Amino acid sequence: MVKLLNKSLLYITEGNTRKNFNKDIVLQVMPKLIISTLVELVDDKKHISIAALRRLVNFLRLFRMLLDMYPEVNQEINERIEKFIKDPEMRVKDHCSSLGDLLSFVMVSEKYSIDELLPAYLEE
């Protein structure tokens, strides 16, 4: 099952399943899936369905599972959140390419909550 998951994530990012899997792939794919689902949910043109809510919850659960499987990804997420909160220089596009990614990170972080991120986030 883990091999299939890794190959699926590789295919999404690389269009190929023969490359080596690494933690950066988790950080590329999962935030995008979560944020795109959230954007879909708040889009006025579409009705919020149970299926869409389930999809969001399942993406969050999958992200948590990947963090359990790859603890170094969890550390990377916590480091990125911490840098964003503590250092205004780390809030520029060169260091933080997507504010949406930060929202998905804080949703799965065991160390930080949205309340800790929000003051720095709203400044941006």
Side-chain angles (χ1 to χ4, degrees):
M1 172 103 163
V2 173
K3 280 187 177 183
L4 181 60
L5 174 59
N6 290 350
K7 285 185 179 278
S8 298
L9 293 174
L10 270 170
Y11 190 77
I12 290 170
T13 57
E14 305 292 333
N16 183 338
T17 60
R18 293 191 176 111
K19 296 187 179 184
N20 290 328
F21 184 84
N22 64 57
K23 69 176 175 104
D24 294 331
I25 291 171
V26 174
L27 294 173
Q28 286 175 12
V29 175
M30 295 312 300
K32 305 300 184 268
L33 291 174
I34 291 167
I35 295 305
S36 63
T37 303
L38 281 172
V39 168
E40 228 178 77
L41 286 172
V42 297
D43 186 4
D44 288 338
K45 298 173 190 160
K46 293 188 179 180
H47 177 71
I48 297 176
S49 69
I50 298 295
L53 291 172
R54 283 186 182 145
R55 185 171 56 243
L56 175 62
V57 170
N58 285 333
F59 285 151
L60 289 167
R61 290 176 62 203
L62 179 60
F63 201 0
R64 269 298 337 141
M65 183 183 86
L66 287 163
L67 295 180
D68 290 342
M69 289 169 46
Y70 304 104
E72 64 274 9
V73 175
N74 202 17
Q75 290 172 331
E76 175 76 20
I77 284 172
N78 289 330
E79 288 171 10
R80 287 187 188 189
I81 294 170
E82 184 174 345
K83 286 177 186 176
F84 186 87
I85 291 171
K86 293 183 177 179
D87 186 2
E89 295 293 320
M90 299 304 285
R91 298 178 195 162
V92 296
K93 196 79 164 166
D94 291 340
H95 297 286
C96 180
S97 61
S98 171
L99 292 175
D101 287 358
L102 276 172
L103 287 178
S104 65
F105 292 163
V106 81
M107 285 184 216
V108 295
S109 175
E110 293 176 344
K111 185 175 179 182
Y112 292 99
S113 70
I114 190 72
D115 293 332
E116 294 168 294
L117 176 68
L118 212 50
Y121 189 86
L122 291 176
E123 280 183 28
E124 295 307 306

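Just so you know, these numbers come straight off a predicted model, no measurement behind them. One-based numbering along the sequence shown.
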Self-check item: Residues K32, D101; criterion side chain to side chain contact (heavy atoms under 4.5 Å, CB included); working and verdict
Solution: CA-CA 7 Å; K32 305 300 184 268; D101 287 358; 3.0 Å; yes

Please list every donor-acceptor pair under 3.5 Å in which a side-chain atom of residues 53-66 meets a protein atom from a residue at least two apart or in another chain.
unit_1, atom_1, unit_2, atom_2, d
R55, NH2, E40, OE1, 2.7
N58, ND2, R54, O, 3.2
R64, NH1, V108, O, 2.4
R64, NH2, D68, OD1, 3.1
R64, NH2, E110, OE2, 2.9

[X] side, atom [atom1]; [Y] side, atom [atom2] - distance, nearest 0.5 Å:
X: E14; Y: L9; atom1: CD; atom2: CG; result: 11.0 Å
X: K7; Y: L5; atom1: NZ; atom2: CG; result: 12.0 Å
X: Y11; Y: L4; atom1: OH; atom2: CG; result: 13.5 Å
X: I12; Y: I25; atom1: CD1; atom2: CD1; result: 10.0 Å
X: E72; Y: K23; atom1: CD; atom2: NZ; result: 7.0 Å
X: L38; Y: L33; atom1: CG; atom2: CG; result: 11.0 Å

Quiz item: Which is it for F84 and L99 under the side chain to side chain contact (heavy atoms under 4.5 Å, CB included) test, yes or no, and what are the steps along the way?
Solution: CA-CA 10 Å; F84 186 87; L99 292 175; 3.8 Å; yes

Exercise. Pick out which of V106, L27, V26 makes a side-chain contact (heavy atoms from CB on, under 4.5 Å) with I77.
Key: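 With I77 as partner, side-chain contact (heavy atoms from CB on, under 4.5 Å) holds for just one option, L27.
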
Quiz item: When hydrophobic residues are tied together by side-chain contacts of less than 4.5 Å, even through go-betweens, does L103 share a cluster with V39?
Solution: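 Yes; V39 is reachable from L103 via cluster members.
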
Quiz item: In terms of heavy-atom contacts, does CG of L122 have more than 12 from other residues, nucleotides or ligands at under 6.0 Å?
Solution: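 Enclosed.
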
Quiz item: For S109, which residues count as a side chain to side chain donor-acceptor pair (under 3.5 Å) partner, sequence neighbours excluded?
Solution: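 Counting only residues at least two positions away or on another chain, S109 forms a side chain to side chain donor-acceptor pair (under 3.5 Å) with N78.
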
Self-check item: Where Y121 and G100 come nearest, the two heavy atoms and their spacing
Solution: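 That closest heavy-atom pairing would be OH-N, 4.4 Å.
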
Quiz item: Looking only at heavy atoms, which two atoms of A52 and T37 are closest? And how far apart?
Solution: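 So the two residues come closest at O-CG2, 3.9 Å.
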
Quiz item: Between R80 and E76, is there a side-chain N and carboxylate O pair less than 4.0 Å apart?
Solution: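 Salt bridge flag = yes for E76 with R80.
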
